[in-house]
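For reference, the structure is listed below as structure tokens.
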Amino acid sequence: MDRTVPSAVSSPAGHSGRGEARERTLELRTPDFKTTPLSRGRAGKTRSRNVSRANLYWKAGSLAPAVAILVALSIWPVFNLLHLSVSSVEWSGGEPVVEFVGLRNFVELFSDEPVYWAGVKNTIIFAVCAVTSQMVLGFAMALAVRRASKVGRGVLTAIFLMPIVIPPIVIGAMWRLMLGRDFGIVNFLLAIVGLGPVDWLGDARFALFSIILVDIWHWTPFVFLLMLAGLETLDQEVFEAARLDVVSRWQELRYVTIPLMLPTILITLAFRIILSFKVFDEIFLLTAGGPGTATEVINFSIYRVFFGQDRVGMGSAMSLLTLFAVALLIILANAVGRRRKNGRAAA
Amino acid sequence: MRSGLMNTRHLGTAGGHLVVWGYALIILGPMLWIFSNSFKRQIDILMGTTIAPFTLSNYEGIINSRQSQFLWNLFNSAVVAVSSTAAVLLIATLAAFTIIRLEPPRWITYLLLGWALIFHMLPTLTFVGSWYVMFSQLGLLGSYTALILTHIVHNLPMALFLMTGFVMNIPKELVQCARLDGCSYRQIFVHVIVPLSLGGMAAAGALAFIASWSDFAIALNLSNKETMTAPVAIATFAQEHQIRYGEMAAASVLSMVPALVFILFGQRFVVRGLLAGAMK
């Protein structure tokens, strides 16, 4: 059906109910349909104008809430940070008193804030190690159960969903109980096989490792479910063809599965790494950045400087720097991902 | 030869199942441990006793004592999560319909979705400080309003992506037909888009609720004693001089309940939302 005729004729029905509107479209097919708009006269025209005006309002109004809330609470805060980062802020009676100090905060951040830079290093180690392990483990497990029968699938999914949906702070509490030095069940189990008690969270040599382990526990199920879904959308005929050629399991993996899954894997890897820069809750409860700076992450530095030490200007400078660095990474990852997609589409 | 190959394949699959079910046990282990510890006395937890006398004192302690009002914290969490989820769903569905079917100017769509993508991935903590200053200037620090608004903006991008995906799956022809029948945009939204995207809204709503219920970074800094949410309360149990492990465990168990309810009764929607969100 073309668009012009109905929009001219059926708009007079604008506010009428659906039943009536359907009647009118049926009417269109009768020979006298050309007289319909004429016989409606002026009243019909104004009503159609009302409808199109209402539609215009609707179009603008439906986007307005989303735009308003994003501008007010995500774009404006960035400008606010920009302003605060070149200021020194004193609190008096719950009201911030802002005083311009130029680039002092940034100079200090680059020269005199070793804790923040330790946090940057730890965050990168944490993100890369944790996410890589999650991807390898999750992908391997997804491969293993790919041709699974449906038996137990619901139960398995339910269990694997648990770490993803429970509050991260609860995961922190859980592992705090598990990893305690003197009473944790992990050390209890280690003692059975004759290994001495390890101070998982209090020893600088193990603390970051423990945090990474907890994160692997937390997010591997997610990668598993994601990869399983990805594997299931692959074209099964390719695998059948490979099996006809009696390709071994390893060859199938190396030359068929991984190349087919590679775009999904790489993009998931990049974005999971970026998302894991968000880590805060578990660390807050498990180690609070300690011992020393062993598990200091960027978010924790920002939290401590901003809220613990009340250095709003410095906290803003840290936030701003982090924000721009991560935004740059996101845009880069996006551009690379898009180019890959386009390249494949062209090929 | 052939059958031998098939056999190793089957063996491999069985081994794979063993590994996956083993991992399932590793997931369940800490859950069961915190569950069992929530029924132990503090002294038994500190002694590392595996099987200890059963007690409800931890639950009584967090619900019925002067130092903590955990039921009130749960209520705060519920208020914030329910209101922010409802608002996020409404805002996201409205915007998604317009973006996908009503062809707003290109640059608006690009800016909106592009910024939403970036904002979604930026560490929340980089914004919390700015929000703190903004809301204290407005005198709203520690109010439900501050928490609900920040949770809305925090979860909006995800809901926006999910809902644009789901609205895109509604055949364009249906919208065109409704136009032919003389429906206004509002009528199309109410009578066509909303009924057909209820499943998608359930998925987006489940994820938004879970995210809001779980939030710690925002509530830690923007709530006060009266509006403190459950995750923040859990953290306070672990922060006093003498860590109250038993009460921390009991509070954790109670705040896991909504998540478990979602898994039991809405697994479909949670999985759908998670996968659709991650595939973007």
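The basis for the numbers below is simple: all heavy atoms, side chains too, and nothing from hydrogens, waters or symmetry mates.
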> Side chain, backbone, both or neither: which part of A:Tyr303 has a non-hydrogen atom closer than 4.5 Å to chain B?
Replying inline: both
>> Counting only non-hydrogen atoms closer than 4.5 Å, does A:Phe160 touch chain B with its backbone (N, CA, C, O), its side chain (CB onward), both, or neither?
In response: both
> Measuring heavy-atom distances to chain A, does B:Ile210 have an atom under 4.5 Å in its side chain, in its backbone, in both, or in neither?
Replying inline: side chain
> Are the side chains of A:Asp281 and B:Pro231 in touch, meaning some heavy atoms are under 4.5 Å apart?
Replying inline: no
> Got a second to check how far B:Phe97's CZ is from A:Leu63's CG, nearest 0.5 Å?
Replying inline: 11.0 Å
> Do A:Asn55 and B:Arg186 come close enough that some side-chain heavy atom pair is under 4.5 Å?
Replying inline: no
> Side chains of A:Pro168 and B:Ser214: does their closest heavy-atom pair fall under 4.5 Å?
Replying inline: yes
>> Rounded at 0.5 Å granularity, tell me how far CG in B:Leu260 sits from CE in A:Met162.
In response: 5.5 Å
> Measuring from A:Lys59:NZ to B:Leu94:CG, what's the distance to the nearest 0.5 Å?
Replying inline: 15.0 Å
> Using non-hydrogen atoms only, which part of B:Leu220 is less than 4.5 Å away from chain A: side chain, backbone, both, or neither?
Replying inline: side chain
>> So A:Phe277 and B:Met121, do their side chains get closer than 4.5 Å, heavy atoms only?
In response: no
> Are side-chain heavy atoms of A:Met174 and B:Trp33 found at a separation under 4.5 Å?
Replying inline: no
>> A:Ile166 vs B:Trp213, test: side-chain contact (heavy atoms from CB on, under 4.5 Å). Steps then yes/no.
In response: CA-CA 9 Å; A:Ile166 63 175; B:Trp213 181 270; over 6 Å; no
>> Taking side chain as everything from C-beta outward and backbone as N, CA, C, O, which of these in A:Ser74 sits under 4.5 Å from a heavy atom of chain B? Side chain, backbone, both or neither.
In response: both
>> Do B:Thr126 and A:Met318 have side chains that approach each other closer than 4.5 Å (heavy atoms only, starting at C-beta)?
In response: no
> Can you tell me how far CZ of A:Phe224 sits from OH of B:Tyr23, rounded to the nearest 0.5 angstrom?
Replying inline: 10.5 Å
>> Can you tell me which of B:His120, B:Gln267, B:His154 forms the most heavy-atom pairs within a distance under 4.5 Å of chain A?
In response: B:Gln267
> With only heavy atoms counted, which part of A:Ile331 is less than 4.5 Å from chain B, the side chain, the backbone, both or neither?
Replying inline: side chain
> Can B:Thr98 and A:Ser62 be counted as having a side-chain donor-acceptor contact under 3.5 angstrom?
Replying inline: yes
>> Once rounded to the nearest 0.5 Å, what's the spacing between atom CG of B:Leu125 and atom CZ of A:Phe284?
In response: 10.0 Å
> Between A:Leu84 and B:Val133, what is the shortest heavy-atom contact and its length?
Replying inline: CD1-CG2, 3.8 Å
> In terms of heavy-atom proximity below 4.5 Å to chain B, should A:Val71 be classed as side chain, backbone, both, or neither?
Replying inline: neither
> Can you name the nearest heavy-atom pair linking B:Pro30 to A:Trp175, along with the distance?
Replying inline: CG-CZ2, 3.7 Å
>> Return the CD1 to CD1 distance between B:Ile26 and A:Ile216, rounded to the nearest 0.5 Å.
In response: 11.5 Å
>> Test side-chain contact (heavy atoms from CB on, under 4.5 Å) on B:Met256 and A:Val165; report intermediate values, then the result.
In response: CA-CA 9 Å; B:Met256 276 198 287; A:Val165 296; over 6 Å; no
>> Under a 3.5 Å cutoff, is there a donor and acceptor pairing between the side chains of B:Ser184 and A:Trp58?
In response: no
> What part of A:Ala140 is in contact with chain B, defined as an atom under 4.5 angstrom from a non-hydrogen atom: side chain, backbone, both or neither?
Replying inline: neither
>> Report which part of B:Ile27 has an atom under 4.5 Å of a heavy atom belonging to chain A: side chain, backbone, both, or neither.
In response: both
> Side chain, backbone, both or neither: which part of A:Ile159 has a heavy atom under 4.5 Å from chain B?
Replying inline: both
> Is it the backbone or the side chain of A:Leu285 that comes under 4.5 Å from a heavy atom of chain B, or both, or neither?
Replying inline: side chain
> Which bit of A:Asn334 comes within less than 4.5 Å of chain B, counting heavy atoms only: side chain, backbone, both or neither?
Replying inline: side chain
> Which one of A:Gly184, A:Ala64, A:Gly315, A:Pro163 has the most heavy-atom pairs closer than 4.5 Å to chain B?
Replying inline: A:Pro163
>> Only pairs of heavy atoms separated by less than 4.5 Å count here; which of A:Ile171, A:Ile185, A:Val98 has the most with chain B?
In response: A:Ile185
> Is there a side-chain contact between A:Ile169 and B:Met248 (heavy atoms, below 4.5 Å)?
Replying inline: no
